[in-house]
There are 4 protein chains.
Amino acid sequence: MSQAATKAKVKSRTASKQARKTQLIKATIRSIAKHGLSVTTMAIVAKEAGLSQGIINLHFQSKEKLLEETLRFVVDEYRNAWYKALESSGSSAANKLLAVTGVYFDKRICQRNKLAVWFAFWGESRSRPTYRKICAERDREYKHVLAGLCGEIIAEGKYDACADFAAFGLLAMCEGLWLDLLLTPVDMTAGQAEAVSLAYLRGIFPGHFPAN
Amino acid sequence: MSQAATKAKVKSRTASKQARKTQLIKATIRSIAKHGLSVTTMAIVAKEAGLSQGIINLHFQSKEKLLEETLRFVVDEYRNAWYKALESSGSSAANKLLAVTGVYFDKRICQRNKLAVWFAFWGESRSRPTYRKICAERDREYKHVLAGLCGEIIAEGKYDACADFAAFGLLAMCEGLWLDLLLTPVDMTAGQAEAVSLAYLRGIFPGHFPAN
Amino acid sequence: MSQAATKAKVKSRTASKQARKTQLIKATIRSIAKHGLSVTTMAIVAKEAGLSQGIINLHFQSKEKLLEETLRFVVDEYRNAWYKALESSGSSAANKLLAVTGVYFDKRICQRNKLAVWFAFWGESRSRPTYRKICAERDREYKHVLAGLCGEIIAEGKYDACADFAAFGLLAMCEGLWLDLLLTPVDMTAGQAEAVSLAYLRGIFPGHFPAN
Amino acid sequence: MSQAATKAKVKSRTASKQARKTQLIKATIRSIAKHGLSVTTMAIVAKEAGLSQGIINLHFQSKEKLLEETLRFVVDEYRNAWYKALESSGSSAANKLLAVTGVYFDKRICQRNKLAVWFAFWGESRSRPTYRKICAERDREYKHVLAGLCGEIIAEGKYDACADFAAFGLLAMCEGLWLDLLLTPVDMTAGQAEAVSLAYLRGIFPGHFPAN
DNA sequence: AATGAATGAGGGTTCATTCAT
DNA sequence: CATGAATGAACCCTCATTCAT
């Protein structure tokens with residue numbers, strides 16, 4: 001049992017409903033990261049949370065609902081980090097772009113365990129419309145914001161580029177680099193992946209992201 | 001039963017050992033594409049192939065082996081298309097790069113059903129080392145070839161760019177665009193995705209991929 | 001929540017121990033009538049009573065005890081109506097017989113919901129000796145009283161009949177008619193069922209139950 | 001394990017599909033008779049049949065379907081005996097009535113175990129429309145035939161009676177007597193129950209069923 | 001080589017019961 | 001007294017695998 005699970009064992013019978021749900025969601029994430037989505041069972045999640053079998057159906061109606069809320073949790077957690085970076089990075093569009101790109105490869109977010117969770121859900125998204133919707137919504141939101149930032153930069157620098165294409169390409173590249181980090185962690189570190197994405201930005205917006 | 005399954009039935013009598021295995025692998029791919037990996041059972045695959053329950057364990061030792069060989073089949077099929085495009089695209093490095101990029105978004109390859117299969121396997125790759133190895137090997141191979149092509153172009157055009165970074169970025173972007181096509185097919189077509197990747201190439205190698 | 005349940009909630013604060021038990025028993029009866037015995041769970045009963053989950057095990061030792069007391073309640077309630085009818089029907093044996101027969105098809109008693117409860121318990125009686133005993137005792141008691149009444153009538157009318165047989169037959173017919181009302185309520189009303197039983201009495205004791 | 005179950009153990013892997021279904025249905029009946037419907041689980045039925053857990057869902061889609069087919073089996077078995085008696089009892093309506101009444105109390109049919117099965121299903125019929133329909137259909141059929149026979153007898157004997165009422169009463173009495181035999185087997189035997197029903201027939205059709 | 005009935009371990013889920021509050 | 005979150009045994013059902021044919 002992981003350290004987190006052990007800590008969870010120090011439990012009271014009166015944890016707030018939301019706290020207990022979060023506890024179970026986190027146990028689910030750990031299980032997917034460790035064993036994969038297809039191996040993750042109710043029993044494993046419950047044990048990982050240090051709780052009993054029946055508790056999941058007490059707080060979520062079914063395994064499916066648990067997984068949906070888990071996906072939502074992961075998406076929201078990421079989104080929070082994203083907007084936080086966006087807001088705390090000054091007013092320059094270039095700096096903002098740099099900041100949110102950085103989020104993708106942040107040590108706290110870009111861990112193989114977490115990447116495994118993303119790909120686990122993406123892998124199931126074709127056959128589970130709910131997953132697809134949640135992920136699609138997220139993608140659209142990011143694309144919209146990124147296209148806005150790229151648009152500002154293009155206007156400033158009078159670049160011959162399409163804001164949408166630049167934004168879509170950036171997002172796609174970041175997610176594609178996640179795949180690299182998942183599959184070939186030996187060949188590439190998060191830092192190198194970030195460097196690749198920055199090389200992209202430098203390539204299309206050379207005036208705004210000068211080589212260091 | 002699909003048309004493909006019906007056709008499979010006809011040839012079942014005289015199928016050689018290898019042909020039977022391929023028949024089952026193709027049925028597996030169809031099932032993953034249609035229902036998802038987690039829903040794909042031995043019974044569904046057998047039915048999709050127009051054959052009986054027990055036959056899979058006769059030709060493959062287990063479900064796991066079937067899935068591994070299926071992944072290998074998908075990877076190989078893709079690789080063949082890749083090299084074919086590479087070879088039939090003349091001697092110019094730029095043309096070759098264009099050709100292999102085109103493969104990613106080729107009508108015959110870039111279909112949601114097939115993308116679903118890729119993501120299904122990637123989604124399980126963290127917890128199944130065998131999947132990971134097969135996919136990782138494929139990635140390394142492509143990266144190596146792409147880096148070579150990018151190196152040639154950089155030398156030709158005297159671009160201020162890193163060949164590895166350009167190649168890694170291209171590959172990552174293409175795979176990231178696949179995710180877009182999987183999640184938000186309404187927002188983006190394969191053609192647009194290809195345009196995004198070409199915009200990338202134009203951005204970093206403007207002399208070799210002029211705007212049309 | 002039903003109206004009854006809402007009303008129950010209001011009085012819950014000041015309910016005495018026995019009143020609370022009765023409240024739960026009535027909720028049990030409503031649940032069996034509505035959903036059936038096999039679907040009736042502690043949670044449903046508690047909710048129907050407008051009370052909390054754990055309360056049943058506080059007042060009854062187990063679900064089994066609750067069901068036993070519920071059966072006893074139903075039996076007693078019926079018995080009360082029976083003797084009340086018996087006593088308030090004058091001194092003539094024929095009138096008494098008419099009165100208790102009428103109880104079986106009384107609007108207040110002969111409702112499908114209530115019949116469902118009787119048959120639910122009878123259906124389980126084979127495998128639960130306690131149920132069987134309670135029901136058997138009831139049957140014996142009624143048979144004894146009915147046989148006495150039939151005996152009086154036979155003596156009065158000098159009928160060529162066996163008092164026991166007439167009584168057993170009457171009781172059996174009434175309970176068999178309940179089955180009809182349970183299974184084919186469209187084909188037969190309580191009034192018609194009563195007419196059938198009266199036809200029986202007229203048939204065997206023509207002088208005492210003349211055709212109207 | 002019962003004798004029947006032991007015999008079932010001498011099994012082949014190629015019993016016909018229908019034979020295996022019947023085997024499971026008979027095991028279900030034994031289980032309901034022994035333990036009651038509410039205690040009857042898939043595991044118990046499978047064990048009683050000398051087969052494995054999963055087999056029930058192989059031949060029936062669900063427990064519910066198994067129970068439905070079991071009820072139908074019981075109903076059909078009874079109906080067969082009923083019509084056989086009807087046909088082999090000569091042409092006289094009175095004899096036919098006697099014969100089918102006899103079926104109710106036949107040693108081979110009127111066993112507590114079998115009665116328990118009937119009442120088990122009746123007890124659930126309120127909450128399971130399918131059960132109710134099957135039982136109701138059966139009741140209607142019998143009532144119709146019995147009313148026809150009673151009509152003939154009434155015409156022959158010029159009795160002052162209603163054919164429907166006589167028939168409904170007879171059927172109800174027989175089923176009510178089953179309840180007696182289920183609840184108070186000590187107080188009454190099948191023979192006595194039959195005598196009660198004959199007393200009824202004699203009472204209403206004295207010319208056709210003379211006292212012996 | 002091929003079939004498909006049979007197996008049984010293990011999945012998700014329910015629910016009577018317990019217990020800290 | 002009363003609550004309701006928590007438990008865990010036992011339910012029904014699925015499905016990879018086996019095996020007699």
Side-chain angles (χ1 to χ4, degrees), chain A residues 11-17 19-20 38-46 49-67, chain B residues 12-17 20 38-47 51-67, chain C residues 12-17 20 39-47 51-67, chain D residues 11-17 19-20 38-46 49-66:
Chain A
K11 75 205 167 194
S12 75
R13 222 167 164 133
T14 53
S16 88
K17 264 191 125 117
R20 185 104 317 159
S38 69
V39 179
T40 292
T41 66
M42 306 287 268
I44 289 177
V45 171
L51 296 167
S52 71
Q53 272 262 39
I55 202 165
I56 294 177
N57 281 306
L58 186 69
H59 291 284
F60 303 87
Q61 294 98 306
S62 64
K63 185 188 188 186
E64 200 44 46
K65 295 270 183 215
L66 167 67
L67 291 178
Chain B
S12 72
R13 308 275 174 157
T14 58
S16 76
K17 205 156 174 145
R20 177 89 352 138
S38 68
V39 178
T40 292
T41 66
M42 304 288 262
I44 289 177
V45 170
K47 190 170 194 183
L51 296 168
S52 71
Q53 269 265 40
I55 203 166
I56 295 177
N57 286 72
L58 190 69
H59 290 282
F60 301 87
Q61 293 98 309
S62 66
K63 184 185 188 185
E64 201 42 47
K65 293 279 180 210
L66 167 66
L67 290 178
Chain C
S12 73
R13 308 276 173 157
T14 57
S16 77
K17 205 156 176 152
R20 175 94 346 142
V39 180
T40 292
T41 64
M42 305 288 262
I44 290 177
V45 170
K47 190 169 193 183
L51 296 168
S52 70
Q53 269 265 39
I55 202 166
I56 295 177
N57 287 74
L58 189 70
H59 290 282
F60 301 86
Q61 293 97 309
S62 66
K63 185 186 187 185
E64 202 42 47
K65 293 280 179 210
L66 166 67
L67 290 177
Chain D
K11 76 206 168 194
S12 76
R13 222 168 161 132
T14 53
S16 88
K17 262 193 127 121
R20 186 106 316 161
S38 68
V39 179
T40 292
T41 66
M42 307 285 268
I44 289 177
V45 170
L51 295 168
S52 71
Q53 272 262 38
I55 202 166
I56 294 178
N57 282 306
L58 186 69
H59 291 284
F60 303 87
Q61 293 98 306
S62 64
K63 184 188 187 185
E64 199 45 45
K65 296 271 182 215
L66 167 67

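The chains referred to below are lettered A, B, ... by the order of the sequence lines, with proteins before strands, and numbering in each begins at 1. What's counted below: heavy atoms across the whole structure, side chains too, no hydrogens, waters or symmetry copies.
Between A:K17 and F:dA5 there is a side-chain N or O to OP1 or OP2 distance below 4.0 Å. Between C:H59 and F:dC1 there is no side-chain polar atom (N or O) within less than 4.0 angstrom of OP1 or OP2.
Between the CG atom of C:L67 and the C1' atom of E:dC15 there is a distance of 14 Å, given to the nearest Å. Put simply, CD1 on A:I55 is 11 Å from P on F:dG8, counting in whole angstrom units. E:dA6 atom P lies 4 Å from atom CZ of D:R20, rounded to whole Å. The interatomic distance linking A:L66 (CG) with E:dG12 (C1') rounds to 12 Å, in whole Å. Regarding B:M42, its CE atom lies at a distance of 10 Å from the P atom of F:dT18, rounded to whole Å. When rounded to the nearest whole Å, the span between CZ of B:F60 and C1' of E:dA1 equals 15 Å. Whole-Å rounding puts the C:N57 CG to F:dC1 P distance at 16 Å. In this entry the distance linking CD1 of C:I56 with C1' of F:dC1 reads 15 Å, nearest Å.
Distance from the side chain of D:T41 is smallest for F:dC12 among the nucleotides F:dT3, E:dT3, F:dC12. Between E:dA2, F:dG4, E:dT17, one nucleotide has an atom nearer to the side chain of C:S52 than all others, and that is F:dG4. Comparing F:dC12, E:dT3, F:dC1 by their closest approach to the side chain of C:L58 singles out F:dC1.
In terms of heavy atoms, A:S52 sits closest to A:A46 at O-CB, 3.6 Å. For C:V39 against C:I44, the heavy-atom pair with the smallest separation is O-CD1, 3.4 Å.
Stem analysis of DNA chain E (at least three stacked-register Watson-Crick or G-U pairs, each with both distances under 3.5 Å) gives E:2-21 with F:2-21.
Put simply, the side chain of B:R20 reaches to within 4.5 Å of the side chain of B:I55, judged on heavy atoms.
Between A:V39 and D:G54, it is D:G54 whose nearest contact on DNA chain E lies nearer the 5' terminus. Toward the 5′ end of DNA chain E lies the nearest nucleotide of A:I44, the other residue of the pair A:I44 and C:Q53 mapping further downstream.
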(message) side-chain contact (heavy atoms from CB on, under 4.5 Å), that's the test. Do A:M42 and A:N57 meet it? Break it down for me.
(response) CA-CA 9 Å; A:M42 306 287 268; A:N57 281 306; 3.6 Å; yes
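Atom CD1 of A:I56 is separated from atom NZ of A:K65 by 15.5 Å, given to the nearest 0.5 angstrom.
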